[in-house]
Amino acid sequence: MRCLLQELTSLLLLGMALAQRQVTVQEGPLYRTEGSHITIWCKVSGYQGPSEQNFQWSIYLPSAPEREVQIISTMDPSFPYAIYTQRVRSGEIYVERVQGDSALLHIMELQDRDAGEYECHTPTTDERYFGSYSAKMKLMVIPDSLRVTSVPQTLNKVERDSLELKCEVSKSTAQHSHLSISWYRQKVGEPPVEVISLSRDFVLRAGSTYAQRQTTGDVRLDKVGETTSKLTVYNLQPSDQGEFYCEAAEWIQDPDKSWYAMTRKRSEGTTVNIQATDKEFSVRLETEKRTYTVGEPVEFRCILEAQNVPERYFSISWAFNSSLIASLGPNAVPILNSDFAQREALGQLKVAKESDNVFVLKIYRLRLEDSGKYNCRVTEREKTVTGDFIDKESKRPKNTPITVLPLKTSISVEMTSNASNVLEGESLRFGCSVRSGFGPQSHLSVTWQLVDKQNRRSDVVRLDRDGTLQPGPSYSERSSYGGIQMEQVRPGSFTLEIFNSVKADEGHYECRVTEWTRTQDGEWQMIGERHASMPVSITALEAGFAVTAISRTPGVTYNESFDLQCIIKPHYPSWVPVSVTWRFQPAGSTEFHDLVTFTRDGGVQWGDRYTSFRTRTAIEKAESSNNVRLSISRASDTEAGKYQCVAELWRKNYNSSWTRLADRTSNLLEIRVLRPGKSPDGQCPGGLELMKVTGLNSLS
Ligand SMILES: *[C@@H]1O[C@H](CO)[C@@H](O)[C@H](O)[C@H]1NC(C)=O
Ligand SMILES: *[C@@H]1O[C@H](CO)[C@@H](O)[C@H](O)[C@H]1NC(C)=O
Ligand SMILES: *[C@@H]1O[C@H](CO)[C@@H](O)[C@H](O)[C@H]1NC(C)=O
Ligand SMILES: *[C@@H]1O[C@H](CO)[C@@H](O)[C@H](O)[C@H]1NC(C)=O
């Protein structure tokens, strides 16, 4: 009462000009959790004296609301009551000056018994008491119910993998409170980096390091249940490596409307190791050697050199002479192309993944046609979020050429022929025999070939390993008429006969003998080939073909005999069909007509005209040549005139048809029949006149 009066007096005396001391303490009631570090602020204004004011804190416990229990003073170390001395001495409870006239009371580990009404008192420095010297507020201590858990683990990831972590956050506070959840990543020796947070007012926000990746969707935080939230990081990067943990805070709104994080807790951490995938890779193709022999195996090894191969996807393809023969996707199932697929089906080759970085192409028994360039191509594939694969970089080493040499055969071949130069129409006979190296294991195939003057090679006939004969395409008809014959006279000895040769049969005859062996899988394998050859020239039938008419009896007198001869050159063998016709043009006529013909098959055919000749004419073909003699007895005027002979050269084709190769017409012979004693007007009596001589030039 006295004080009040004093104050009133001061008021009256000083009027409103003097400021009045005012102590303000943080507004209550404040709800704070047990175990947490709390502060209560207190400030003073309107004071006189030094700017550094002193603060004294007391508590009025709910059990004894009237009784002041002194806690701490900024000026008096003996101020604390016994129950607080230990906590004050240990610094667990202290006052922090913010400014000279404002301070914070800190209680580092709030205890249940710290609940009560707190009073902040500022001992006077004023001349007179004027205003308020203390203020009170209520502190409520509530149990800490916040639970933040995440299963601790160690995850070994690879760059571009995804990471999913869950965090469970719960509380059971009776008062209205909010939660905030944050994920942090911490590397050893570095401060934690915020990944993403859900604020107490439900705003999702990534830390600055992860902001960009949140916008691309690579970083997300989702609620997956009442109390669980899930952090997802797609496309992990090596920099994401570290310990991931979540931290939650429980917030309460203080009477001054500000939000206060009563409790903050972090979960246990998950160690995430991220193996960087070095995008670079290189490919090498290896094979033991470059030269092989037919039947040998070959293995090509395509070796991929890259970081972290098991975690990456690669597809491999194989090429032969630049065309794709096989491919192997990330599932390691090979897909082969036609030829190679067949050989693979027969177990003759294999395309496989030997290990994560070694891929093999194996040919168990090389063939001659396997000579060429081999290569492999490796393409890195990336699995997208949707699970599809997309091709990335592709690499291939240099081509590896290999040569497959034929097996060595020890056979040698000899060829014979019964003539090196024949007349068209004559027959040819060749022999071909394997002279050495021919054993019972040898299987032979023989091909006769002709290399003609134009250097064109054609198969005449071929004898296969199994004994079947096959004429060459251009000989098949001729062969069907028996014009070509091939035989195996005895093992390793063969003949070829060409009957009724034609000019086109001329050239070099080759006998090609191929030696074969059978592989374990029953396939024929060529060991080698040998050949021998011989030339044959063929004289065309019409070469030098010429005809001459001569008379042995130069002068012809009436009633005497005369002879005319038709001479055929060259001297053909009797089997060459030549037909010879004598033609006659009576004196005074202008036309020649056939008198008589020796046909190509030896018959005599008289012409329709000049029947009178028949009774007095003998016609004769020489035994050893095609020459035809015409003998006329008792010459009369009727036989006077011009004579001529015509020869035709024929050949009989393999199919029995006839071809006329050539015809020649002789010179003219003029026969005059003289009456005895009569002189032939200025001409030589019995004269033989060569009106025209044909074919003489080519007579040999
Ligand atoms: C492959 O190429 C080589 C030359 O590089 C060639 O000699 C060979 O005949 C080719 N093989 C095939 C089957 O194309
Ligand atoms: C050559 O052989 C063929 C066919 O066996 C035969 O017709 C021909 O007379 C022979 N030639 C010679 C000059 O022996
Ligand atoms: C012709 O010759 C034959 C005998 O050769 C003879 O008998 C005949 O009388 C002769 N005719 C004339 C006209 O001389
Ligand atoms: C017979 O062979 C010849 C010559 O090769 C040919 O011109 C002719 O058309 C063949 N005739 C028949 C009936 O096949």
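Just follow the structure's listing: the first ligand is 1, and inside any ligand the first atom is 1.
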Ring center gap for [X] and [Y] short of 6.0 angstrom:
{"X": "F584", "Y": "F613", "answer": "yes"}
{"X": "F281", "Y": "F314", "answer": "yes"}
{"X": "Y313", "Y": "F389", "answer": "yes"}

Check the pair L368 / M526 against side chain to side chain contact (heavy atoms under 4.5 Å, CB included), numbers first and verdict last. CA-CA 9 Å; L368 272 181; M526 187 177 116; 4.0 Å; yes

Test salt bridge (Lys or Arg N to Asp or Glu O under 4.0 Å) on R343 and D370 and set out the steps. CA-CA 12 Å; R343 290 173 72 181; D370 291 330; 2.8 Å; yes

Report each N/O pair between ligand 1 and the protein that falls under 3.5 Å, naming both atoms.
| unit_1 | atom_1 | unit_2 | atom_2 | d |
| --- | --- | --- | --- | --- |
| ligand 1 | 2 (O) | N321 | OD1 | 2.8 |
| ligand 1 | 2 (O) | N321 | ND2 | 2.3 |
| ligand 1 | 11 (N) | N321 | ND2 | 2.8 |
| ligand 1 | 14 (O) | N321 | ND2 | 3.1 |

Show me which atoms of ligand 4 lie under 4.0 Å from any heavy atom of N653. 3 (C), 4 (C)

Taking both backbone and side-chain atoms of Y481, is any N or O found less than 3.5 Å from an N or O belonging to ligand 4? no

Which atoms of ligand 2 have any heavy atom of E497 under 4.0 Å away? 4 (C), 5 (O)

E639 and R616 ion-paired at < 4.0 Å: yes

Does the cation-pi check pass for K289 over Y292, that is, NZ or CZ under 6.0 Å from the six-membered ring centre and within 45° of its axis? yes

